[in-house]
Amino acid sequence: MALTQDEREKYNNIIQALYGGAVSSSPDQITDDVADVVNTILNSATECSKAVTITATLIELLFPPSGIIDFTVAVIKTGYNAISDWIDQCQNNQIATACLDSAKLNWRSPLQMALLGI
């Protein structure tokens, strides 16, 4: 599935929100592979921190009744702001922070390689 320019911009914004500029990226570098890695980072962090209270909207988004997580659609439906708010919320909770930091660390190299097209 080819990403639209809007989707690429949103994924780029998520990368920048996650890594605070430590990972260089631009919308032009966002491919399906990059989106998959970002989705994996977000999924890993949420799986780790399911016990942590997060917003009802995000719970519905991340754990839909069907049990299938489709972050590509989710990013478009909820936009960067919902995920950015969740990232901010994680930073105020030690368990969520540990989970998010672990996911970011585990997937940083694969993300950077995907951004380079490797």
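Because the structure is predicted, anything quoted here is derived from the model rather than measured.
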Practice task
Run the numbers on Tyr11 and Asn39 for side-chain hydrogen bond (donor to acceptor under 3.5 Å, both in side chains), then give the verdict.
Solution key: CA-CA 9 Å; Tyr11 273 107; Asn39 295 344; 2.9 Å; yes
Handout entry: Residue of the set Asp101, Ile41, Asn13, Val23 for which side chain to side chain contact (heavy atoms under 4.5 Å, CB included) holds with Leu18
Key =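 Running side chain to side chain contact (heavy atoms under 4.5 Å, CB included) over Asp101, Ile41, Asn13, Val23 with Leu18 returns exactly one hit, Ile41.
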Handout entry: Test side chain to side chain donor-acceptor pair (under 3.5 Å) applied to Ser25 - qualifying residues, sequence neighbours left out
Key = Asn12, Gln16
Tell me the closest heavy-atom pair linking [X] and [Y], and the distance in Å.
X	Y	answer
Gln29	Ser24	OE1-O, 3.9 Å
Gln5	Pro27	NE2-CB, 3.8 Å
Ser44	Ala103	CB-CB, 3.9 Å

Problem - Spacing of Ser26 atom OG and Ile15 atom CD1 [to the nearest 0.5 Å] - result: 9.5 Å
Practice task
Can you measure from OG1 (Thr97) to NZ (Lys104) and round to the nearest 0.5 angstrom?
Solution key: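 Reported value, rounded in 0.5 Å steps: 8.5 Å.
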Exercise for the section: Spell out, as yes or no, whether a donor-acceptor pair under 3.5 Å connects the side chain of Thr40 to the backbone of Asp36. Expected result: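 Yes, Thr40 side chain to Asp36 backbone: donor-acceptor pair under 3.5 Å.
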Problem - Arg8 (side chain) donor-acceptor with Leu3 (main chain) under 3.5 angstrom - result: yes
Anything under 3.5 Å between a donor and an acceptor, one on a side chain of residues 107-118, the other on a protein residue two or more places apart or in another chain? List them.
from	atom 1	to	atom 2	distance (Å)
Arg108	NH2	Ala22	O	3.1

Practice task
Applying salt bridge (charged side-chain N to carboxylate O under 4.0 Å, His left out), name anything that partners Asp33, two or more places apart in sequence or on another chain.
Solution key: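 In terms of salt bridge (charged side-chain N to carboxylate O under 4.0 Å, His left out), with neighbours along the sequence ignored, Asp33 is linked to no residue.
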